[in-house]
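Report on one structure; see the data block that follows.
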Amino acid sequence: MDTWRQRTAYYLVGLAAVMFAYAGLYYYGMNAIEGRPRTFLHALQVVVETFTTTGFGSDSPWQTPEMNVLVIVMDLTGVVLIFLALPVLVFPLFEEAISTTVPTTVGDDVTDHVVICTYTTRVDPLVAELDAVDVPYVIVEPDREKAIALVEAGYDVIHEDPDTERGLVGANLTGARALVADVSDQVDASIVLGARAISDDVPLVSIVEEPESVRYHELAGADVVLSPRSILGESLANKVAAALTADVGAAIEIGDQFDIVEFPIHRGSEIVGKTLAESGLREQAGVNVIGAWFDGDFESPPDPERPIESGTVLLVSGEETALERAKELTLSESRRVARGETIVAGYGEVGRQIAAAFDEVDLPYTVLDIEDKDGVDVVGDATNAKVLERAGIHEARSLILALPDDTAGEFATLVARDLSDSVEILCRAEEVESTKKMYRAGADYVLSLATVTGRMVASEVLDEDVISLNTQIEVVRTKAPGLAGKTLADALVRSRTGCTVVALERDGELDTDVGPDTEIRADDDLIVAGTDAGTNRFKELLA
């Protein structure tokens, strides 16, 4: 808008000069040529009336050709200078007056907040995490139109450039809990340098696209440097590796030999088509189901009468032996007898991390990429059926689509599912919104980069363990005097809070055999798992 104001000032000065010039010519013409003397003020009035079309003809008709020509030229000049300038100069003024106002600084009361530079689709999962635990934030957005849209959507935003001292001071960096830089590798490093010059104490979290940039961000002063693409690749690889090895996969340890882990339900599993109540996971395996993803939607606690399908992902807790039994129920028969081979489609940063993870556990795989480069076994487009057939889609146990474009990933999922009903399809998505489309296309497991980034940043900013990269699951240890003398079933813990009591500590001993009939004592320490919002409700209502 500063450029617009400068142009407007030049325009107004020029317009005044032109009008005074015409007033001088009209004054001379009426006195010397037309023979009808007029004052200069009268001449200026005629010029103003002509330019604005608010009055004509007070001195008409003019007798001399010279005066008629002057009036014609004056009319045309007025149209050009006044009416053609309206869309360029005047309309923006009205637009600014009626548009949403975006602040350039935060209020004095905004402290202990997270400064986010700038808005990307990866910000939404982080904002959801912060909102769930009532941690304030401010997005520093340099693009005015985007900032206006964010304000209208309910985000806390200031319109400033985070790569400037003014922008960071306007966001009250010195009073912040942390700063998150997520623009590009070079811009993020610049933001970190500027932020570190303002404050030595505020933790700085930087997100990099390329792992090679980590060292330079650390040199710039970042406290934590995250590489979400690497983590996403490792996570997708672990899902396949866990299904093809004896390992239960990545787990969060709650107590001695008591963990929380994700189990994707594979095609051909004996519990596909059964409800959670019929699955026997608790009765046969001895695990608690904390939550479940159905076609990309997370439920905690899950509906016990909802059918389990291939692609459903269960979040369960239990002892190691119980988890191993539960895993057996989630696998298809073919996966119990053969290791198979995996196709990795896309050999960018995510694809390379997947390949590296497979190399560590000695799992066979075939790399498919559209470019012919080192490490690629089959060159071609993963959205082409013949290319997938050349890569061995009919013999493969799993296909990981690590494509950087969500539209291509969705189409490749459709093609792969049409070629094989039995292959397990795992997808990487950029946007959260693409997750459901990929599930509809036939994917068995989808992990979005935006969600992974949000979870990783939240774990650093909020100082919590990441239990699942897919959603906001938190484990808390708390006393619950509101439950003293009641069983979990009587207290309706799940229905009231959406949380699961996975264990309790009594007299220094951890009891993991917790069920609906377990009676709670006042001095028990409960281990409670649920969404961030659910654990907050539990503490408010019962703790």
Does the side chain of [Y] come within less than 4.5 Å of [X]'s, by heavy atoms?
{"X": "Val180", "Y": "Tyr137", "answer": "no"}
{"X": "Pro136", "Y": "Leu130", "answer": "no"}
{"X": "Val102", "Y": "Ile158", "answer": "no"}
{"X": "Glu424", "Y": "Leu399", "answer": "no"}
{"X": "Ile393", "Y": "Val423", "answer": "yes"}
{"X": "Val114", "Y": "Ile116", "answer": "yes"}
{"X": "Tyr155", "Y": "Asp124", "answer": "yes"}
{"X": "Glu389", "Y": "His394", "answer": "yes"}

With side-chain contact (heavy atoms from CB on, under 4.5 Å) as the test, would you mind laying out the steps for Val140 and Thr118 before giving the verdict? CA-CA 5 Å; Val140 186; Thr118 60; 5.6 Å; no
So how far is it from [X] [atom1] to [Y] [atom2], rounded to the nearest 0.5 Å?
{"X": "Ile207", "Y": "Thr120", "atom1": "CD1", "atom2": "OG1", "result": "7.5 Å"}
{"X": "Leu426", "Y": "Ile400", "atom1": "CG", "atom2": "CD1", "result": "5.5 Å"}
{"X": "Arg496", "Y": "Arg537", "atom1": "CZ", "atom2": "CZ", "result": "11.5 Å"}
{"X": "Thr453", "Y": "Leu226", "atom1": "OG1", "atom2": "CG", "result": "8.5 Å"}
{"X": "Met438", "Y": "Phe411", "atom1": "CE", "atom2": "CZ", "result": "13.5 Å"}
{"X": "Leu388", "Y": "Ile343", "atom1": "CG", "atom2": "CD1", "result": "6.5 Å"}

Quick one: salt bridge (charged side-chain N to carboxylate O under 4.0 Å, His left out) pairs with a partner in residues 112-121, sequence neighbours left out? Asp112-Arg177
For [X] and [Y], does a side-chain donor sit closer than 3.5 Å to a side-chain acceptor?
{"X": "Ser448", "Y": "Glu431", "result": "no"}
{"X": "Thr500", "Y": "Arg494", "result": "yes"}
{"X": "Asp377", "Y": "Thr366", "result": "no"}

Parallel, tilted or perpendicular: which fits the ring planes of Phe358 and Tyr365, with parallel below 30° and perpendicular above 60°? tilted
Glu218: which residues meet the side-chain contact (heavy atoms from CB on, under 4.5 Å) condition with it, sequence neighbours left out?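 Here the qualifying residues are Val214, Val225.
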Quick one: list whatever passes side-chain contact (heavy atoms from CB on, under 4.5 Å) with Gln186, sequence neighbours left out.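 Gln186 satisfies side-chain contact (heavy atoms from CB on, under 4.5 Å) with no residue once adjacent residues are dropped.
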Derivation and outcome, side-chain contact (heavy atoms from CB on, under 4.5 Å), residues Val289 and Leu281: CA-CA 8 Å; Val289 179; Leu281 284 166; 4.0 Å; yes
State, to 0.1 Å, how close [X] and [Y] come at their nearest heavy-atom pair, and which atoms those are.
{"X": "Ala382", "Y": "Ala412", "answer": "O-CB, 3.7 Å"}
{"X": "Ala237", "Y": "Ala357", "answer": "CB-CB, 3.5 Å"}
{"X": "Ala178", "Y": "Val202", "answer": "CA-CG1, 3.8 Å"}
{"X": "Leu419", "Y": "Ala385", "answer": "CD1-O, 3.8 Å"}
{"X": "Cys427", "Y": "Thr413", "answer": "SG-OG1, 3.4 Å"}
{"X": "Cys499", "Y": "Val528", "answer": "CB-CG1, 3.5 Å"}

Sub-3.5 Å donor-acceptor pair from the side chain of [X] to the main-chain atoms of [Y], do we have one?
{"X": "Glu278", "Y": "Thr275", "result": "yes"}
{"X": "Asp188", "Y": "Val183", "result": "yes"}
{"X": "Thr312", "Y": "Ile308", "result": "no"}
{"X": "His159", "Y": "Asp143", "result": "no"}
{"X": "Tyr119", "Y": "Ala147", "result": "no"}
{"X": "Ser235", "Y": "Leu232", "result": "no"}
{"X": "His217", "Y": "Asp185", "result": "yes"}

Do [X] and [Y] sit within salt-bridge range, that is, some charged N less than 4.0 Å from a carboxylate O?
{"X": "Glu430", "Y": "Arg428", "answer": "yes"}
{"X": "Arg417", "Y": "Asp444", "answer": "yes"}
{"X": "Arg352", "Y": "Glu349", "answer": "yes"}

Could you please spell out the steps behind the side-chain contact (heavy atoms from CB on, under 4.5 Å) verdict for Arg306 and Leu276? CA-CA 7 Å; Arg306 182 158 184 175; Leu276 278 171; 5.8 Å; no
From CA spacing to verdict: side-chain contact (heavy atoms from CB on, under 4.5 Å), Val379, Val376: CA-CA 7 Å; Val379 179; Val376 175; 4.1 Å; yes
